[in-house]
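Scroll down for the structure; my scribbles are underneath it.
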Amino acid sequence: MQQHSSVSVSAPQRRGPGRLRTRLTRWGLAGLLAAGSLLTSQALPAGAADNPYERGPAPTESSIEASRGPYAVSQTTVSSLSVTGFGGGTIYYPTSTADGTFGAIAISPGYTAYQSSIAWLGPRLASQGFVVFTIDTNTTLDQPDSRGRQLLAALDYLTQRSAVRSRIDSSRLGVMGHSMGGGGTLEAAKSRPSLQAAIPLTGWNLDKTWPEISTPTLVVGADGDTIAPVATHSEPFYESLPGSLDKAYLELNGATHFTPNTSNTTIAKYSISWLKRFIDNDTRYEQFLCPLPRPSLTIEEYRGNCPHTS
Ligand code: 9J3
Ligand code: ZN
Ligand code: ZN
């Protein structure tokens, strides 16, 4: 009950704080109850009274596997000349402002690669209700520690200076990356515990141990990866994360180091579920993460803790 009223009052932009405040001062307790039932029955999207971050309709297996989610997506280019700390990129975002703000994610490519190598994730994730920033790095040879700092610089740009900053909930942020960008994803989470989700995709890093991370992390490896073999990269990354942390290890079946560079339904459905569950606190997606997915044609192995604790 207390959660209902505090939540309703704490999302002022979407819900008309002036009108609510007027009712409260004029009507007192009766006004609070009236306003509360009005908000829960009419002004809020279904379920949003319980979770102010939840966006979009209830998910299904097919909605998270689809090539696009419910939101139409716009995009804008960020020139490298207009920013510092990273190499520019492309912002993909839900076109409509009717549903309020969204969580945001920065995504780094791997060694020698450009944002084009991870571009499929832009519209795929943004259409589910996130602002997604696929970045270029300062140089294509930057190492994971640098890529981690660049992911954070990109998030700072996104929330503080970008043209879409007013569309973002700056307290609900995450990071992803491929290969050395996945290594950078772990670095970013280690240095900024306020991040709500991290997903390294066939990550590469000389540092194999990540007990310092407190951000819920989905580690994605590929069974056939010979560049960042799971036995020396993704598996120790996952196993070294704190046992108390919400964490998961998804090993793709019949996959290589470069599987994350093209549209992939298994990567998409578990990334969407992880981002929704931990950036948006959206427990409607828990059903896709717990009980742990079973091995299949596309999943070599899946490890994790269930139920989730945060
Ligand atoms: O970003 C990556 O693909 C890292 C894999 C790699 O080539 O590391 C060797 C230096
Ligand atoms: Zn370490
Ligand atoms: Zn396999």
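The structure presented is a predicted model; accordingly, all values stated were derived computationally and were not measured. Atoms within a ligand are numbered from 1 in the order they appear, just like the ligands themselves.
- Using a 4.5 Å cut-off on side-chain heavy atoms (C-beta onward), L152 and L195 make contact.
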Report every pair formed by an N or O atom of ligand 1 and a protein N or O atom separated by less than 3.5 Å, giving atom names and the distance to 0.1 Å.
unit_1, atom_1, unit_2, atom_2, d
ligand 1, 1 (O), Y111, N, 2.7
ligand 1, 1 (O), S179, OG, 2.6
ligand 1, 1 (O), M180, N, 2.9
ligand 1, 3 (O), S179, OG, 2.4
ligand 1, 3 (O), H257, NE2, 3.0

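- Each of H257, R147, H233 was evaluated against S179; a single residue qualifies, H257, per the side chain to side chain donor-acceptor pair (under 3.5 Å) test.
- Inspection of the Y71 and D99 side chains reveals an N or O donor paired with an N or O acceptor under 3.5 Å.
- Side-chain contact between R172 and F102 is absent, with no heavy atoms from C-beta onward closer than 4.5 Å.
- The shortest side-chain heavy-atom distance between Q128 and P70 falls under the 4.5 Å cut-off.
- For the residue pair S191/E187, the side-chain donor-acceptor check at 3.5 Å is not satisfied.
- Here T209 meets the criterion, with an N, O or S atom under 2.8 Å of the Zn ion (ligand 2).
- Excluding waters, the set of protein N/O/S atoms under 2.8 Å from the Zn ion (ligand 3) reads D223 OD2, N253 OD1, E300 OE1.
- For the residue pair S108 and Q150, no side-chain donor N or O sits within less than 3.5 Å of a side-chain acceptor on the partner.
- Classification of the F133-Y157 ring pair by plane angle, with boundaries at 30° and 60°, yields tilted.
- The closest side-chain heavy-atom distance from T140 to Y114 is below 4.5 Å.
- With 2.8 Å as the limit, D207 counts as an N, O or S neighbour of the Zn ion (ligand 2).
- At a cut-off of 3.5 Å, with distance as the only test, a side-chain donor of S296 or T298 sits close to an acceptor on the other residue.
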